[in-house]
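Lettering follows sequence order; numbering is per chain, from 1.
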Number of protein chains: 2
Amino acid sequence: MGKQMTEMLKGTLEGIVLAILSVRPAYGYEITARLREEGFSDIAEGTIYALLVRIEQKGFVDVEKIPSEKGPPRKVYSLNAQGQEYLDEFWTTWGFLAERLGQLRDEGGK
Amino acid sequence: MGKQMTEMLKGTLEGIVLAILSVRPAYGYEITARLREEGFSDIAEGTIYALLVRIEQKGFVDVEKIPSEKGPPRKVYSLNAQGQEYLDEFWTTWGFLAERLGQLRDEGGK
DNA sequence: CGTCGCTATTCAGCGTTACTATGTACTAGT
DNA sequence: ACTAGTACATAGTAACGCTGAATAGCGACG
């Protein structure tokens, strides 16, 4: 993907991952794979793992280690109450920005 | 504004400013004021000026120095062809992201 | 005349974030 | 033994927006 997307993901990628976790718990490798399927083709694994460490330290998720049939044990993350609250704020912020941008786009006549 | 907005603006603020310039040329102080009116209450002046320097160096805008009735001369920026092209790319990138996020938001049932 | 307030631009230093590029470890198939 | 797929981790880098301050021109007011 381009540099534009890279910069645009700053601040939103965290919300995206939290939103994924709000649907149901998931582990890092799984999240990466799902993002790739959904078109975020160039999101590096390392990026997701680092992000997961961050949201864990912020206390937005609960973690459970579950053995895998193939490979090392999975760290399954689930959104907790604090994370849900932060996710709600995220949607509010995103909503504001999306509204402004939509308006600007119309003004530009595109 | 919050830290969320700060991070989310990374990568989008540049597009926002280019979109503003696509409507009509403007100078730094004016852009800052307009953004504040439109709800981006806490965007620092320094941020805008730094951004303007950046997009000038990238060759997205043409610059003209015009004396002001009150105060030092204004640097009026206008979007050129290369900037318009970049702006188009920006809208494409934004469109993709907004679509994904909209979908995620629906899945989350919010 | 001085200084206060508005206009207008610039810059050094900082924190946060995503990317690059690795490395580790476990299992299954050939 | 070797490879591929699964799964996690981390050190170093670059980009971006913010903080806080400095500089400077101009008008109005006491």
Partners meeting side-chain contact (heavy atoms from CB on, under 4.5 Å) with A:Ala98 (sequence neighbours left out): A:Trp94, B:Trp94

My understanding is that only residues two or more places apart in sequence, or in another chain, count here; which of them pass side-chain contact (heavy atoms from CB on, under 4.5 Å) with B:Ser78? B:Pro25, B:Asp62

Under the rule for salt bridge (Lys or Arg N to Asp or Glu O under 4.0 Å), what residues qualify as partners of A:Glu45, not counting sequence neighbours? none

Just do the side-chain contact (heavy atoms from CB on, under 4.5 Å) check on A:Tyr27 and A:Leu52 with the steps written out, would you? CA-CA 9 Å; A:Tyr27 55 97; A:Leu52 289 171; over 6 Å; no

Under 4.0 Å from any atom of DNA chain D, heavy atoms only: list the residues of residues 24-34 of chain A that qualify, in numerical order. A:Tyr27, A:Gly28, A:Tyr29

Please collect all ring pair (Phe, Tyr, Trp, His ring centres under 6.0 Å) contacts where either partner lies in residues 41-88 of chain B, sequence neighbours excluded, each pair once. B:Phe60-B:Tyr86

Under the salt bridge (Lys or Arg N to Asp or Glu O under 4.0 Å) test, which residues partner B:Arg36, sequence neighbours left out? none

Does the protein touch nucleotides 15-23 of chain D at the base, only the backbone, or not at all? Give it as B, S and - per nucleotide, heavy atoms under 4.0 Å. BBSBB----

Closest approach of B:Leu79 and B:Leu21, non-hydrogen atoms and distance? CB-O, 4.1 Å

What pairs with A:Glu56 under salt bridge (Lys or Arg N to Asp or Glu O under 4.0 Å), at least two apart in sequence or on another chain? A:Lys75

What is the per-nucleotide protein-contact pattern of nucleotides 25-30 of chain D, from the 5' end, where B denotes a base atom under 4.0 Å from a protein heavy atom, S denotes such proximity for sugar-phosphate atoms only, and - denotes neither? BS----

Please find the pair of heavy atoms, one from B:Phe40 and one from A:Leu97, that lie closest to each other, and give the distance. CE2-CD1, 3.8 Å

Test of understanding: with salt bridge (Lys or Arg N to Asp or Glu O under 4.0 Å), list the residues that count as partners of B:Glu30, not counting sequence neighbours. B:Arg34

Outer limits of DNA chain C sitting under 4.0 Å from a non-hydrogen atom of chain A, read 5' to 3', are C:dT17 to C:dT27

What residues, two or more places apart in sequence or in another chain, satisfy side chain to side chain donor-acceptor pair (under 3.5 Å) together with B:Glu89? none

